[in-house]
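The structure presented is a predicted model; accordingly, all values stated were derived computationally and were not measured.
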Amino acid sequence: MLRSAKLCAVLLGVLLGSSLLAEGWAGEAPLFVAHRGQSGTAPENTIQAFEEAVAGGARAIETDVRITADGVPILLHDKDVSRVTTGQGNVDNLTLKQIAELQLRRGALQIPDARIPSFADFIQFLSKHPSVQAYVEIKGYRNQRDIDLILSDIGQCSSCNLRLSSFRLGDLAYVRKRNKTIPLDYIVSKINDSEAMVEQMASLGGDMSILAYYKELLANGDTVARLRRAGIKVGAWTVPDRSIADELVAMGVSPIIADKPLAP
């Protein structure tokens with residue numbers, strides 16, 4: 001079982017890495033992002049998942065950050081801990097100590113020795129892998145000032161290659177007021193108003209891009225083209241298969257955020 005898991009990790013890393021070009025990608029190499037790490041063989045958003053992705057050759061990883069009741073950034077996608085742990089309750093009602101004691105699980109299967117990591121743990125991981133690009137989504141907090149806690153952890157690592165993203169444009173504006181250089185990504189479900197998006201990106205300044213739902217991109221190729229002509233990079237989440245990735249790459253979309261290997 002362990003050998004199979006390691007083999008899967010290697011295969012995913014290869015598929016998410018630059019070797020994809022040799023298997024038929026045309027043009028400039030797209031960046032493939034391992035969504036929540038190597039979540040196919042390891043618990044999502046854990047250091048183990050990121051280690052397996054990077055060990056397999058992945059050049060980029062994605063994660064989600066939330067703030068605990070006592071003001072500590074942790075890695076978790078859901079507002080509630082019940083889907084991925086044996087516990088219950090919302091993150092903002094639980095302390096770091098309470099969250100650290102939770103047992104991770106996948107379905108009914110408990111996963112020994114796996115715990116929800118702090119964002120500081122993730123930053124420490126990135127410090128050991130400065131060539132790995134990290135996409136970090138600001139998911140939830142007690143109030144917007146909690147974003148300063150995330151920025152404080154990021155400030156501990158000068159070598160980390162990291163981007164912050166959010167569905168809330170106000171969060172990105174908050175970050176930009178405090179940090180003029182960190183790259184930002186605006187996550188959207190709709191892209192039907194390219195002029196408004198160009199204005200929004202310009203208002204924030206710095207390195208900005210859009211991450212959009214892949215179906216929306218496929219349905220609005222003209223809008224994608226206008227955004228790219230305006231100098232705005234456009235990425236896709238969460239792309240389900242290779243054929244769709246092919247279409248998006250042909251449109252100039254990058255990064256491609258994927259849950260699973262996109263085999264040729």
Side-chain angles (χ1 to χ4, degrees), residues 31 33-37 44-45 50 60-68 71-80 90-92 116-120 122-123 126 133-155 157 160-194 196-217 223-224 227 230-239 253-259:
L31 179 64
V33 183
H35 190 226
R36 305 178 199 172
E44 67 179 57
N45 279 335
F50 303 125
I61 53 181
E62 184 271 350
T63 191
D64 312 278
V65 62
R66 292 184 177 276
I67 308 296
T68 64
V72 180
I74 64 163
L75 302 188
L76 193 70
H77 177 273
D78 299 0
K79 181 178 182 179
D80 188 291
N90 291 345
V91 171
D92 56 5
I116 295 173
S118 69
F119 187 58
F122 183 66
I123 291 297
L126 290 179
Q133 175 83 70
Y135 286 75
V136 178
E137 180 182 347
I138 302 170
K139 271 292 185 185
Y141 42 65
R142 300 167 302 176
N143 58 70
Q144 197 176 49
R145 292 190 301 276
D146 279 343
I147 294 175
D148 290 330
L149 301 170
I150 299 171
L151 293 174
S152 177
D153 281 347
I154 294 173
C157 181
C160 289
N161 186 8
L162 183 148
R163 304 180 68 93
L164 280 178
S165 63
S166 178
F167 276 96
R168 299 175 293 268
L169 194 64
D171 287 354
L172 302 181
Y174 187 95
V175 171
R176 183 58 77 226
K177 288 179 181 178
R178 285 152 177 75
N179 188 309
K180 303 300 183 185
T181 60
I182 190 168
L184 301 175
D185 299 309
Y186 184 25
I187 310 175
V188 298
S189 299
K190 300 289 184 181
I191 61 161
N192 52 5
D193 190 343
S194 60
M197 286 188 168
V198 170
E199 291 178 2
Q200 290 166 340
M201 300 297 100
S203 70
L204 291 174
D207 185 344
M208 280 287 309
S209 69
I210 289 173
L211 299 177
Y213 184 44
Y214 77 92
K215 288 185 178 179
E216 187 72 5
L217 297 177
T223 303
V224 173
L227 289 169
I232 297 174
K233 296 178 181 178
V234 180
W237 55 269
T238 29
V239 180
V253 173
S254 179
I256 303 290
I257 301 174
D259 279 326

Exercise. Would you say Gln144's side chain and Gly170's backbone share a donor-acceptor pair under 3.5 angstrom?
Worked result: yes
For this session: Check whether any side-chain heavy atom of Ile123 sits under 4.5 Å from a side-chain heavy atom of Ile154, and report yes or no.
Result: yes
Problem set entry | Donor-acceptor pair, side chain of Asn90 and main chain of Asp92, under 3.5 angstrom | no
Exercise. What residues form a side chain to side chain contact (heavy atoms under 4.5 Å, CB included) with Lys233, not counting sequence neighbours?
Worked result: Ser209
Problem set entry | Check: Val33 and Gln133 side chains under 4.5 Å, non-hydrogen atoms | no
Exercise. Which residue pairs pass the salt bridge (charged side-chain N to carboxylate O under 4.0 Å, His left out) test with at least one member in residues 172-181, sequence neighbours excluded?
Worked result: Asp148-Arg178
Exercise. Tell me, do Val188 and Glu216 make a side-chain contact under 4.5 Å, heavy atoms counted?
Worked result: no
Exercise. Taking all non-hydrogen atoms of both residues, which atom of Pro183 and which atom of Leu162 are closest, and how far apart?
Worked result: CD-O, 3.5 Å
Seminar exercise, completed: Residues at least two apart in sequence or cross-chain that pass side chain to side chain contact (heavy atoms under 4.5 Å, CB included) with Thr238, listed by chain then number, are His35, Ile257, Asp259
For this session: Check Arg66 against Asp78 and note the closest heavy-atom contact, atom names and distance.
Result: NE-O, 2.9 Å
For this session: Walk me through it: do Ile138 and Val175 pass the test side-chain contact (heavy atoms from CB on, under 4.5 Å)?
Result: CA-CA 11 Å; Ile138 302 170; Val175 171; 4.2 Å; yes
Exercise. Are any of the side-chain heavy atoms of Ile67 and Val91 separated by less than 4.5 Å?
Worked result: no
Exercise. Under a 4.5 Å cut-off applied to non-hydrogen side-chain atoms, are Ile232 and Tyr186 in contact?
Worked result: no
Seminar exercise, completed: Hits for side chain to side chain contact (heavy atoms under 4.5 Å, CB included) against Asp64, two or more places apart or cross-chain, chain-then-number order -> Arg36, Asn45, Glu62, His77, Glu137, Lys139
Seminar exercise, completed: So salt bridge (charged side-chain N to carboxylate O under 4.0 Å, His left out) across residues 197-206, not counting sequence neighbours, yields none
Exercise. In Å and rounded to the nearest 0.5 Å, what is the CZ to CG distance from Phe119 to Leu75?
Worked result: 7.0 Å
Problem set entry | Tyr213 and Trp237 aromatic centres sub-6.0 Å | yes
Exercise. Any side-chain heavy atom of Leu126 sitting closer than 4.5 Å to one from Asn161?
Worked result: no
For this session: Indicate yes or no: at least one non-hydrogen side-chain atom of Asn192 is less than 4.5 angstrom from one of Thr223.
Result: no
Problem set entry | Value rounded to 0.5 Å, distance of CG in Leu76 from OG1 in Thr68 | 11.5 Å
Exercise. Considering only heavy atoms from C-beta outward, does the side chain of Pro255 approach that of Leu211 to under 4.5 Å?
Worked result: yes
Exercise. Can you list the residues that meet the ring pair (Phe, Tyr, Trp, His ring centres under 6.0 Å) rule with Phe122, with sequence neighbours excluded?
Worked result: Phe50
